[in-house]
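Right, one structure below, let's go through it.
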Amino acid sequence: MQRYSVREVETKWQRIWEERRTFEARDDTSQPKCYVLEMFPYPSGRIHMGHVRNYTLGDVVARARRMQGFNVLHPMGWDAFGLPAENAAMQRGIHPKTWTYRNIAEMRAQLKTMGLSLDWSRELATCDPVYVQQQQSLFLDLYEAGLVYRKESWVNWDPVDQTVLANEQVVDGRGWRSGAIVERKKLSQWFFAITRYADDLLAAIDQLDRWPDKVRLMQQNWIGKSTGARLRFAIDDQDEPLEVFTTRPDTLFGASFLALAPDHPLTSTLAAERPALAAFVAECAKLGTSEEALAKADKQGFDTGLMARHPITGAPLPVYAANFVLMDYGTGAIFGCPAHDQRDLDFARKYGLQVTPVVLPPDADPASFAVADEAYVGPGRLYNSDFLDGLEIEAAKARVVERLAEAGAGQGETTYRLRDWGISRQRYWGCPIPITYLDDGTVVPVARDELPVLLPEDVDFSLPGNPLERHPTWRHLTLPDGRQARRETDTMDTFVDSSWYFARFCSPGDDRQPVSRRAVDYWMPVDQYVGGVEHAVLHLLYSRFFTRAMRATGHVSIDEPFAGLFTQGMVTHRTFQNADGQWLEPDAVREEDGRWLAVDTGATVTVGRVEKMSKSKHNTIDPQVIIQNYGADCARLFMLSDSPPDRDLEWTEAGIDGAWRYLNRLWRLIDERADLVAPANGVAAGPTSTAAQALKRQVHTTVDAMTHGLDRFHFNKAVALVRELSNAIEAFDVADPDGPLVLREALDVLARLLAPMVPHLAEEAWARLGHPGLVAEAGWPKADPVWLVASTVTIAVQVNGKRRGELEVAAGSDEAGLREAALDLDNVQRALDGRAVRKVIVVPDRIVNVVV
RNA sequence: GCCCGCUUGGCGGAACCGGUAGACGCAUCGGACUUAAAAUCCGAAGGCCCAUGGCCGUGGGGGUUCGAGUCCCCCAGCGGGCACCA
């Protein structure tokens with residue numbers, strides 16, 4: 001028996017794949033293609049279990065597709081710009097570039113031990129000069145197309161990271177990386193006009209039928225389309241009317257006040273002359289965006305003394321400034337209808353404003369219906385509303401908008417929650433924005449032939465903030481026409497880098513343009529994208545926008561970058577804490593008689609919740625250690641076997657041991673039979689023994705089920721199927737007269753089914769079975785329909801829906817025979833207990849139900 | 001608060017379109033091999049009971065159906081997303 005040495009076998013096949021360039025994609029457009037991509041990693045320095053899971057899942061798809069005859073593109077790269085590199089620079093005095101490329105080298109070596117079917121010839125890092133150059137070129141294209149603009153605006157300022165954050169990067173009022181409470185600051189920023197595509201991005205979600213519903217819903221919510229109307233209210237003694245946005249124009253006759261955002265221009269104008277109002281505005285600003293403040297903050301208002309006029313009745317409506325009105329949604333002003341909006345009601349009660357119900361709930365009495373502490377937001381018919389009386393809500397909306405439009409007092413309008421994407425970051429380690437400014441502030445884009453604008457390397461990280469601003473020379477330059485200018489010192493949000501890398505992989509060597517049209521037209525869109533759900537909004541929405549922008553600027557001919565998306569669950573592990581509340585590493589505890597003890601002190605340890613592996617909870621397992629001890633196949637198998645890929649996977653010692661045992665058992669199984677099988681290429685055409693027929697049937701049903709299972713990411717079931725097949729092969733008597741033929745087919749199929757999941761073992765097995773080529777390049781087995789049909793079936797027999805027995809019959813037995821056979825069963829007769837049979841339901845090959 | 005998802009043995013999880021609930025594995029128990037252990041192999045196993053049989057059983061309650069883990073309604077618990085969004 002040949003010994004199976006994991007380390008040797010795995011490095012051997014990895015070397016062979018590399019030497020033969022097995023996984024390099026061919027730009028052969030005559031072939032059907034399949035682009036499989038996992039979200040590229042940030043080069044933090046070490047791979048973690050999340051990476052192992054992510055890349056294993058993608059690799060199964062890539063390898064299976066390759067075997068199925070597709071020209072597969074499966075590349076890998078590095079999301080290489082970002083703050084951690086600068087932090088390392090500050091803490092350890094190492095240059096971000098050095099740190100980043102060193103980490104890339106380490107992680108590349110680690111990834112290579114996983115035996116992934118990656119095309120390393122296409123590797124890229126977003127900090128590579130050529131990538132920076134092409135990204136800047138794209139920026140200029142977008143600028144020329146009017147999709148990039150600069151404006152002064154209130155921004156989310158992260159005081160710890162000293163940079164601006166996009167709305168998507170503010171989580172619960174805190175910076176997504178630093179966790180610091182975000183401040184409001186007014187700055188000049190560059191924006192991508194993502195809202196230009198808001199409607200298209202929303203509408204196209206319906207076409208993304210291979211995306212998880214959850215992600216589609218999250219994107220819909222994020223875009224946040226709401227249809228309503230923009231109304232104009234005349235204000236006494238003011239020339240300009242006040243515009244408000246509402247989704248409930250039908251409740252216009254219930255309006256009892258208007259409210260302005262504290263930072264509304266009208267509020268600001270008034271505050272300039274009214275110190276008390278200015279104080280109120282300042283008070284609101286202080287509450288800021290902190291979430292607790294918001295939650296606790298009462299509805300606060302300040303009567304501006306202005307009087308607005310109802311656009312139809314002309315009734316006077318007081319105008320307040322109010323803390324709950326947001327400047328960056330709608331028009332920054334609302335009309336309040338207290339009877340049908342809870343916030344407006346709270347506000348009205350506090351300031352003694354009128355509450356007039358205008359929507360009458362079904363079956364309510366108009367004479368007695370009143371709103372007390374709870375606004376009525378349900379359905380009903382309008383009343384107290386002049387020409388709207390009697391209409392349903394939707395009809396009333398249409399009617400009132402129509403009437404207001406005639407009067408020039410408003411029109412229907414759609415608003416979005418989605419904001420334009422602010423991409424300026426006051427950081428060093430990012431892609432420089434290719435813009436210069438003249439002394440008078442005029443914007444001059446960097447000329448194409450001056451690209452790339454590269455980062456200076458002699459920078460000082462000893463002070464907080466952006467070192468580019470402090471650099472003695474970098475920011476100053478003389479334009480080709482001799483004018484003096486200064487460079488933009490902000491760099492781009494790193495989400496820009498990841499918004500087009502998938503397209504760049506199609507032609508990573510092209511130094512003249514961002515993408516080669518022929519290559520992207522062939523490869524894009526990505527057929528299967530795999531990654532974590534945490535990017536459901538940020539990265540995935542930006543990439544969808546960017547693809548549209550690249551289409552608008554003539555780079556691609558598609559709108560949607562990712563035809564299929566799979567979001568995998570997290571890798572979790574138990575947590576342990578000692579009596580002092582310190583988290584303990586899994587290595588630092590041991591189990592004894594069902595109790596957990598600290599290895600060093602022997603003290604009892606509390607077992608905490610199962611949580612996502614994280615450094616802060618000390619519950620990580622280093623994949624390198626696992627691969628060293630058990631091999632890549634073992635780690636991969638464990639990643640696939642226990643949980644469905646979209647759910648969380650709990651890492652357990654027992655689980656990895658189980659995978660280890662199975663691999664060894666598999667090898668023994670194949671090795672012990674390899675010399676007994678018929679010569680290669682023999683197919684068991686018509687085995688005669690029952691056992692051989694049964695095995696052959698199982699081989700084909702397994703192929704069929706596996707093929708479908710892999711398509712649907714049912715990898716845990718695929719592992720179960722393979723185990724069932726190998727169990728059956730194990731149980732098969734090698735002395736059977738048809739043994740050599742059937743075993744040849746069964747083992748060949750087994751090796752090929754294993755190949756996407758545990759590729760090294762599969763190659764070793766394939767070679768041991770006498771095949772000269774690689775299993776990675778062998779065709780995917782096909783199920784023969786003839787062998788998918790069972791010869792006999794077991795049919796359950798029920799009496800009144802309760803199982804009373806079963807029948808073993810030939811497949812396709814007729815109903816009458818089944819009915820009779822079922823009624824003949826002793827158990828059925830006993831259950832009937834002499835009662836008359838009312839009806840017998842027969843579902844051929846499935847079930848018989850006797851009803852009494 | 002609003003929206004979405006989930007809930008099946010001791011555990012992870014199977015169960016296509018409503019048709020034998022618990023595949024496959026982990027842990028457990030028993031046995032074989034061994035001086036012994038590990039490894040390996042064989043076997044048992046949802047719970048309960050008057051045990052070749054019966055009753056109960058997919059978070060709880062109701063409904064539709066010959067038949068419900070699966071479909072419908074209500075409730076609970078857990079997880080996630082969004083949130084003064086007008």
Side-chain angles (χ1 to χ4, degrees), chain A residues 171-173 212-222 224-226 228-229 244-249 251 259 261 287 291 294-295 297-300 322-326 328-337 340-344 346-347 377 415-417 533-534 536-537 641-644 646-650 652-659 661-662 664-665 668 705 708-709 712 714 716-727 730 793-807 826-827 830-831 838-852:
Chain A
V171 180
D172 289 341
D213 290 344
K214 181 174 53 171
V215 175
R216 301 203 296 178
L217 193 68
M218 281 165 71
Q219 292 217 351
Q220 277 165 10
N221 290 340
W222 190 266
K225 179 176 182 169
S226 51
V244 308
F245 176 76
T246 180
T247 56
R248 292 295 302 272
T251 63
L287 279 171
E291 101 189 286
L294 280 180
D298 216 354
K299 303 283 170 287
Q300 302 255 359
N323 63 344
F324 65 92
V325 181
L326 305 176
D328 54 4
Y329 187 80
T331 61
I334 62 161
F335 81 74
C337 174
H340 304 292
D341 182 286
Q342 192 59 45
R343 273 169 328 183
D344 295 350
D346 294 345
F347 190 80
V377 294
T415 59
Y416 298 88
R417 209 184 75 102
V533 73
E534 65 273 18
V537 175
S641 33
D642 263 10
S643 295
D646 52 348
R647 281 201 223 170
D648 288 354
L649 169 71
E650 187 187 348
T652 58
E653 193 76 14
I656 194 77
D657 284 342
R661 280 201 300 274
Y662 181 57
N664 283 292
R665 184 172 169 181
R668 244 179 291 123
H708 289 108
R712 288 174 226 161
H714 292 172
N716 58 324
K717 281 190 262 173
V719 172
L721 281 165
V722 158
R723 291 185 95 123
E724 281 179 278
L725 179 60
S726 70
N727 288 348
E730 215 164 32
V793 288
T794 311
I795 291 182
V797 180
Q798 300 178 331
V799 175
N800 282 346
K802 280 193 182 200
R803 198 173 75 91
R804 296 296 171 186
E806 50 188 36
L807 290 170
D826 286 350
N827 274 351
R830 187 166 16 197
R838 283 202 294 144
K839 189 156 68 159
V840 180
I841 304 217
V842 180
V843 183
D845 289 356
R846 287 224 169 249
I847 205 163
V848 177
N849 191 8
V850 181
V851 187
V852 290

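Numbers restart at 1 for each chain; the letters A, B, ... are given by sequence-line order, proteins then strands.
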Within the structure, does a side-chain N or O atom of [X] lie under 4.0 Å from either OP1 or OP2 of [N]?
{"X": "A:Arg417", "N": "B:rA83", "value": "yes"}
{"X": "A:Arg343", "N": "B:rC85", "value": "yes"}
{"X": "A:Arg647", "N": "B:rG13", "value": "yes"}

When the [atom1] atoms of [N] and [M] are considered, how many whole Å apart are they?
{"N": "B:rC26", "M": "B:rC41", "atom1": "P", "value": "10 Å"}
{"N": "B:rG25", "M": "B:rU40", "atom1": "P", "value": "14 Å"}
{"N": "B:rU8", "M": "B:rG69", "atom1": "C1'", "value": "7 Å"}
{"N": "B:rA83", "M": "B:rG1", "atom1": "C1'", "value": "8 Å"}
{"N": "B:rC56", "M": "B:rG9", "atom1": "C1'", "value": "14 Å"}
{"N": "B:rG18", "M": "B:rG10", "atom1": "P", "value": "29 Å"}
{"N": "B:rC84", "M": "B:rC2", "atom1": "C1'", "value": "13 Å"}
{"N": "B:rC55", "M": "B:rC17", "atom1": "C1'", "value": "32 Å"}

Donor-acceptor under 3.5 Å ([X] side chain, [Y] main chain):
{"X": "A:Asn827", "Y": "A:Arg804", "answer": "yes"}
{"X": "A:Asp344", "Y": "A:Cys337", "answer": "yes"}
{"X": "A:Gln300", "Y": "A:Ala322", "answer": "no"}
{"X": "A:Asn800", "Y": "A:Val852", "answer": "yes"}

In whole angstrom, what separates [X]'s [atom1] from [N]'s [atom2]?
{"X": "A:Leu649", "N": "B:rC11", "atom1": "CG", "atom2": "P", "answer": "18 Å"}
{"X": "A:Asn664", "N": "B:rC41", "atom1": "CG", "atom2": "P", "answer": "10 Å"}
{"X": "A:Leu326", "N": "B:rA86", "atom1": "CG", "atom2": "P", "answer": "10 Å"}
{"X": "A:Asp646", "N": "B:rG12", "atom1": "CG", "atom2": "P", "answer": "16 Å"}
{"X": "A:Asp341", "N": "B:rC2", "atom1": "CG", "atom2": "C1'", "answer": "13 Å"}
{"X": "A:Leu217", "N": "B:rC4", "atom1": "CG", "atom2": "P", "answer": "7 Å"}
{"X": "A:Asp344", "N": "B:rC85", "atom1": "CG", "atom2": "P", "answer": "10 Å"}
{"X": "A:Gln220", "N": "B:rA83", "atom1": "CD", "atom2": "P", "answer": "16 Å"}

Need to verify one output field. Residue with the more 5' nearest nucleotide on RNA chain B, A:Val850 or A:Val325?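 Between the two, 5'-proximity favours A:Val850.
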Apply the syn/anti split at 90° from 0 to [N] and say which one it is.
{"N": "B:rG79", "value": "anti"}
{"N": "B:rC73", "value": "anti"}
{"N": "B:rA51", "value": "syn"}

Which value, rounded to the nearest 0.5 Å, describes the distance between [X] atom [atom1] and [Y] atom [atom2]?
{"X": "A:Thr331", "Y": "A:Leu326", "atom1": "OG1", "atom2": "CG", "answer": "11.5 Å"}
{"X": "A:Asn716", "Y": "A:Asp642", "atom1": "CG", "atom2": "CG", "answer": "8.5 Å"}
{"X": "A:Gln219", "Y": "A:Leu217", "atom1": "CD", "atom2": "CG", "answer": "10.5 Å"}
{"X": "A:Ile847", "Y": "A:Ile795", "atom1": "CD1", "atom2": "CD1", "answer": "9.5 Å"}

Counting runs of three or more consecutive pairs, Watson-Crick or G-U wobble, with each distance below 3.5 Å, where are the stems of RNA chain B?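 Expected stems, ordered by start: B:1-7 with B:76-82, B:10-12 with B:24-26, B:28-32 with B:40-44, B:46-49 with B:53-56, B:59-63 with B:71-75.
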Among [options], which nucleotide has an atom closest to any side-chain atom of [X]?
{"X": "A:Asn827", "options": "B:rA86, B:rC41, B:rG53", "answer": "B:rG53"}
{"X": "A:Trp222", "options": "B:rC82, B:rC3, B:rG53", "answer": "B:rC82"}
{"X": "A:Tyr329", "options": "B:rA86, B:rC66, B:rG53", "answer": "B:rA86"}

Protein-to-nucleotide contact annotation, 5' to 3' order, nucleotides 16-31 of chain B [B base; S sugar-phosphate only; - none; under 4.0 Å, heavy atom]: B--BB--BSSSS----
Step by step, would you call A:Ser226 with A:Thr247 a side-chain hydrogen bond (donor to acceptor under 3.5 Å, both in side chains)? CA-CA 7 Å; A:Ser226 51; A:Thr247 56; over 6 Å; no
Atom of A:Arg665, atom of A:Glu730 and distance for their closest heavy-atom approach: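 Answer, listing the atom of A:Arg665 first, then A:Glu730: NH2-OE1, 2.6 Å.
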Mind listing the closest non-hydrogen atom pair of A:Val533 and A:Val215 along with its distance?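 Closest approach of A:Val533 to A:Val215: CG2-CG2, 4.2 Å.
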Under 4.5 Å between any side-chain heavy atoms of A:Ile334 and A:Phe324, yes or no?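 In short, these two side chains touch, coming nearer than 4.5 Å.
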Identify whether NZ of Lys or CZ of Arg in A:Arg417 sits under 6.0 Å from the centre of the six-membered ring of A:Tyr329 and within 45° of that ring's axis.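 No, cation not above the ring by the 6.0 Å, 45° rule.
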Base, sugar-phosphate or nothing for A:Thr247? Non-hydrogen atoms, less than 4.0 Å.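 Result for A:Thr247 = sugar-phosphate.
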Distances under 3.5 Å only, N/O to N/O: pair up the protein atoms with those of nucleotides 56-59 of chain B.
residue	atom	partner	partner atom	Å
B:rC56	OP2	A:Lys802	NZ	3.2

Are A:Asp346 and A:Arg343 ion-paired here, with the side-chain N under 4.0 Å from a carboxylate O?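 Looking at A:Asp346 and A:Arg343, the cut-off is not met.
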